[in-house]
Undergrad: 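Dropping a structure here in C-alpha cells format, bear with me for questions.
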Amino acid sequence: MSDDRPAAKAALYEAFAASGKALASGKRLELLDLLAQGERTVESLAAAAGLNLTTASAHLQTLKQAGFVATRREGVRIHYRLAGEDVAQLFALLRKVAEAHQPAVTPARDNYLGPADGREMTRDELLTRSKTGQVVVLDVRPAPEYQAGHIPAAVNIPVDQLADRIAELPADSEIVVYCRGEYCVLAYDAVRLLTDRGRRAIRLHDGMLEWRLAELPLAPA
C-alpha cells in the first residue's frame with residue numbers, strides 16, 4: 001500500500017494557506033478592522049472602506065469562504081460580523097508582527113497617523129483614573145460603533161462633529177481620546193483638534209479592538 005502522507009500533508013498546508021490568501025488584501029484587512037467594532041451591513045462597510053458595493057461584497061465573500069466572517073439576513077439586508085474573537089486576535093497579532101518585521105510598516109504608519117507628541121495613556125491607567133472621575137473619556141468613532149459597545153462612561157462625539165460640539169466637553173478636565181484601535185487615525189486627529197483649541201487631551205495608547213481583546217468592561221449605548 002502506498003504511503004499517501006505527503007499528499008495529505010500538502011493538502012493540510014494548502015488548507016492553512018487558504019486563510020493566508022484571504023488576508024492578502026489591504027482592503028480585506030480594513031474590512032476586518034471595521035467588523036472588529038461590531039456587526040455591519042454590506043452598505044455600511046462599503047461606505048466606511050471607500051469601496052463600491054460590488055467590490056465590498058466580493059471581498060466579504062472571500063473572507064466568508066475562509067471562515068473569518070459570518071452573516072445573518074434581515075429582510076433584504078445582509079449583516080456581517082467576525083466569526084469569532086479568535087479572528088480579531090489574529091488580525092491584531094498580524095498587525096503587530098508586521099510592524100515588528102516588515103520595514104515598510106513603520107513609515108507607512110507614521111505617514112498615515114501623522115506626528116504624535118508621545119503622550120499616551122495605558123488601559124490600566126485609564127481604568128484607575130476614570131473610576132475617580134479625574135478624566136473625561138471621549139470616544140470619537142461613528143455613533144453605530146459606539147452603540148455596539150464602548151468604554152464605560154465614555155462620551156461619544158464623532159471626530160467629524162468635534163469642532164462644532166467641543167463645548168459639550170468640560171473645559172477644565174483632561175480628555176482621554178480613543179477610537180477603533182492602535183492604528184486608528186481618528187483619535188490622533190481629535191487630540192490635535194482639542195489641543196489646538198486649548199484643551200488638555202491625550203490618546204489612549206490603543207483602542208476598542210485591544211480593549212475588547214483584553215476582556216475589559218464594556219458598556220452598551
Undergrad: Using side-chain hydrogen bond (donor to acceptor under 3.5 Å, both in side chains) as the criterion, point out the one residue from R109, R203, K96 that pairs with E182.
TA: K96
Undergrad: Are the side chain of E145 and the backbone of R180 linked by a donor-acceptor contact shorter than 3.5 Å?
TA: no
Undergrad: What do you reckon, is CZ of R72 surrounded by more than 12 foreign heavy atoms closer than 6.0 Å?
TA: yes
Undergrad: Side-chain donor-acceptor pairs under 3.5 Å in residues 154-162, sequence neighbours left out?
TA:
| from | atom 1 | to | atom 2 | distance (Å) |
| --- | --- | --- | --- | --- |
| N156 | ND2 | D139 | O | 2.9 |
| N156 | ND2 | R141 | O | 3.0 |
| Q161 | OE1 | R165 | NH1 | 2.7 |

Undergrad: Does a side-chain heavy-atom distance below 4.5 Å link H205 with E210?
TA: no
Undergrad: Tell me whether I202 is reachable from V191 by hopping between hydrophobic residues (I, L, V, M, F, W, Y) whose side-chain heavy atoms are closer than 4.5 Å.
TA: no
Undergrad: Going by heavy atoms in the side chains, are L209 and L213 under 4.5 Å from each other?
TA: yes
Undergrad: Give the table of side-chain donor-acceptor pairs shorter than 3.5 Å for residues 62-70, with sequence neighbours excluded, one pair per line with atom names and distance.
TA:
| from | atom 1 | to | atom 2 | distance (Å) |
| --- | --- | --- | --- | --- |
| T62 | OG1 | A58 | O | 3.2 |
| K64 | NZ | T71 | OG1 | 3.2 |

Undergrad: Is a side-chain N or O of N52 found less than 3.5 angstrom from the main chain of T55, in a donor-acceptor match?
TA: yes
Undergrad: Where is the tightest heavy-atom contact between Y183 and Y112, given as atom of each residue plus distance?
TA: O-CE2, 3.5 Å
Undergrad: So, taking the atom named CG in L60 and the one named NZ in K27, what distance separates them when rounded to the nearest 0.5 Å?
TA: 12.0 Å
Undergrad: Please check: side-chain N/O of Y80 versus main-chain N/O of L31, any donor-acceptor pairing under 3.5 Å?
TA: no
Undergrad: I'd like to know if L186 and I175 are part of one continuous hydrophobic network [Ile/Leu/Val/Met/Phe/Trp/Tyr, side-chain heavy atoms within less than 4.5 Å].
TA: yes
Undergrad: What distance separates E39 CD from E74 CD, expressed to the nearest 0.5 Å?
TA: 8.0 Å
Undergrad: Would you say V135 ends up clustered with L169 if hydrophobic residues are merged whenever their side chains have heavy atoms under 4.5 Å apart, either directly or through other cluster members?
TA: no
Undergrad: Which heavy atom of A48 sits nearest a heavy atom of R40, and at what distance?
TA: CB-NH2, 3.4 Å
Undergrad: How long is the span from the SG atom in C184 to the CD atom in Q37, to the nearest 0.5 Å?
TA: 7.5 Å
Undergrad: Specify the closest pair of heavy atoms between A98 and V105, including all atoms of both residues, with the distance to one decimal.
TA: O-CG2, 3.5 Å
Undergrad: Side chains of I151 and M208: closer than 4.5 Å at any heavy-atom pair?
TA: yes
Undergrad: Is there a side-chain contact between L23 and L29 (heavy atoms, below 4.5 Å)?
TA: yes
Undergrad: Would you please test D206 and L204 for side chain to side chain contact (heavy atoms under 4.5 Å, CB included) and show each step?
TA: CA-CA 5 Å; D206 37 48; L204 182 64; 4.1 Å; yes
Undergrad: Which atoms form the tightest heavy-atom contact between V140 and C179, and what is the distance?
TA: CG2-CB, 3.9 Å
Undergrad: Could you walk me through whether F91 and D33 satisfy the side chain to side chain contact (heavy atoms under 4.5 Å, CB included) test, starting with their C-alpha distance in whole Å, then the side-chain angles of each, then the deciding distance to 0.1 Å, before giving a yes or no?
TA: CA-CA 8 Å; F91 171 64; D33 192 14; 3.5 Å; yes
Undergrad: Please evaluate residues L138 and L194 with respect to the criterion side chain to side chain contact (heavy atoms under 4.5 Å, CB included), reporting the C-alpha separation (whole Å), side-chain torsions for both, the decisive distance (0.1 Å), and the verdict.
TA: CA-CA 11 Å; L138 177 62; L194 290 166; 4.0 Å; yes
Undergrad: Hey, quick one: are L218 and L35 part of the same hydrophobic cluster, counting side-chain heavy atoms closer than 4.5 Å, chains of contacts allowed?
TA: no
Undergrad: Could you check L32 against L90 for side chain to side chain contact (heavy atoms under 4.5 Å, CB included), going step by step and ending with a plain yes or no?
TA: CA-CA 10 Å; L32 289 179; L90 174 63; over 6 Å; no
Undergrad: Closest heavy-atom contact between E30 and A49?
TA: OE2-CA, 3.5 Å
Undergrad: Can you say whether the rings of Y146 and H150 are parallel (under 30°), tilted (30 to 60°) or perpendicular (over 60°)?
TA: parallel
Undergrad: Give, for atom CG of L53 and atom CG of L45, the distance between the pair rounded to the nearest 0.5 Å.
TA: 10.0 Å
Undergrad: Keeping the roles fixed (side chain from S57, backbone from T54), state whether a donor-acceptor pair exists under 3.5 Å.
TA: no
Undergrad: Is the shortest side-chain heavy-atom distance between E14 and K21 below 4.5 Å?
TA: yes
Undergrad: Give the minimum heavy-atom separation between R192 and D189, together with the two atoms involved.
TA: NH1-OD1, 3.1 Å
Undergrad: Quick one: do R212 and E85 make a salt bridge, cutoff under 4.0 Å?
TA: no
